Amino acid sequence: MEEKNHSSVTSFILLGLTNHPKLQLLWFMVFTFVYITTLISNITLIVVICCSSRLHTPMYFFIGNLSFLDFLYSSIYTPKTLLNCISEDKSISFAGCAAQFLVSGGLACTECYLLAVMAYDRYMAISNPLLYAAAMSKRLYIGLVTTSYLSGCASSSLITSYTLTLSFCDSNIIDDFCDLLPLVKLSYDVTDSYQSLLYFILTFNIILPSALILISYISILAVILKMHSTKGQCKDFSTSTTHLTTITLYYGSIFFIYTWPSSSYVLERDKVVSVLYTVLTPMLNPFIYSLRN
């Protein structure tokens, strides 16, 4: 195999979900519908939250930011996916791939933190309803969201800068998106130090927020089980289920991809899971929260 350094790689080829012309047209129509629905639903939810004074609460502030992240996240991948479905040129420049990887990574990491913050918010609201307004002050919840954005951007910048200095094999073909695993798969000089950095990033951005979510919901369950009011239990269970549905869709997909042993890598399986958390989840989240509230 002929080896090339990252500096001589000028573009990548994105294979997409299929090479069959009729299936490509079908996927184009499906992704167009999903993308338009994602844009309309998330923008509508953001506008409703901004315009309705009764929704100016911490919970809806978090939901609005989640919709904003989903809107941006979907816009990073879907337009290029649509173009690849109807174009013979399926290439993406090295700079374009780097930008896609950087921005999508930042949004993904931010969403991991934001979902953990939302779990903590639910715990505060359920465990101390009378003191909730004072405890979850405007300064605190804005600070939590700001920290989520900054942490996500920092993590993405760090892993992107190191990943793009790797040397890549002669083949520049990427299965679907400019994501972490496809790029690492193309590299032939993944060092122990890079793997250590990778484990640190994944732990800090996935394992740690997951642990915070787990602790929050164990605490929420303990509080709900101690309630004497059945009506109160049902209300709190219902509110928590909405957030848990979003967590399951998002974290379930990420864990499935990034914690699966590398020797068990299955191309078609990972393509489907990638589509789930990059395209479908941003569309479903507004409906999940709107139907509940």
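Note that the structure is predicted; figures quoted are calculated from it, not measured.
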With a 4.5 Å cut-off on side-chain heavy atoms, are [Y] and [X] touching?
X	Y	value
Trp27	Leu82	no
Ile220	Arg122	yes
Phe287	Ser41	yes
Tyr132	Asp121	yes
Phe101	Leu183	yes
Tyr120	Leu212	no
Phe31	Asn84	no
Leu102	Ser157	yes

Roughly how far, to the nearest 0.5 Å, is [atom2] of [Y] from [atom1] of [X]?
X	Y	atom1	atom2	answer
Tyr60	Leu55	OH	CG	5.5 Å
Ile63	Thr246	CD1	OG1	8.5 Å
Met283	Leu39	CE	CG	12.0 Å

Q: Answer yes or no: does atom OH of Tyr162 have more than 12 heavy-atom neighbours from other residues, nucleotides or ligands under 6.0 Å?
A: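 Open.
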Do [X] and [Y] sit in one hydrophobic cluster, given that two such residues count as connected whenever their side-chain heavy atoms are within less than 4.5 Å of each other, even indirectly?
X	Y	result
Ile247	Ile207	yes
Val117	Leu66	yes
Leu198	Phe204	no
Leu83	Val103	no
Tyr199	Leu208	no

Identify the two heavy atoms, one from [X] and one from [Y], that lie closest to each other, and give their separation to 0.1 Å.
X	Y	answer
Tyr251	Ile206	CE2-O, 3.8 Å
Phe62	Leu114	O-CD2, 3.9 Å
Thr165	Ser161	CG2-O, 3.1 Å
Gly152	Thr110	CA-OG1, 3.6 Å
Ser104	Ile76	CB-CG2, 3.9 Å
Ile92	Lys80	CB-CE, 4.1 Å

Determine whether a donor-acceptor pair (N or O, by modelled atom type, separation under 3.5 Å) exists between the side chain of [X] and the backbone of [Y].
X	Y	result
His243	Leu115	yes
Asn42	Pro282	yes
Ser187	Ser167	yes

Does a donor on one side chain sit under 3.5 Å from an acceptor on the other, for [X] and [Y]?
X	Y	value
Tyr35	Ser75	yes
Tyr250	Asn285	no
Asn128	Tyr123	no
Asp89	Ser87	no
Ser74	Thr78	yes
Tyr289	Thr242	no

Q. So among Ser93, Ser91, Cys97, which one has a side chain to side chain contact (heavy atoms under 4.5 Å, CB included) with Phe12?
A. Cys97
Q) Of all residues at least two apart in sequence or in a different chain, which pass the disulfide bond (SG atoms under 2.5 Å apart) check with Cys109? A)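 Here no residue qualifies.
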**Q.** Partners passing side chain to side chain donor-acceptor pair (under 3.5 Å) against Thr163 (at least two apart in sequence or in another chain)
**A.** Tyr194
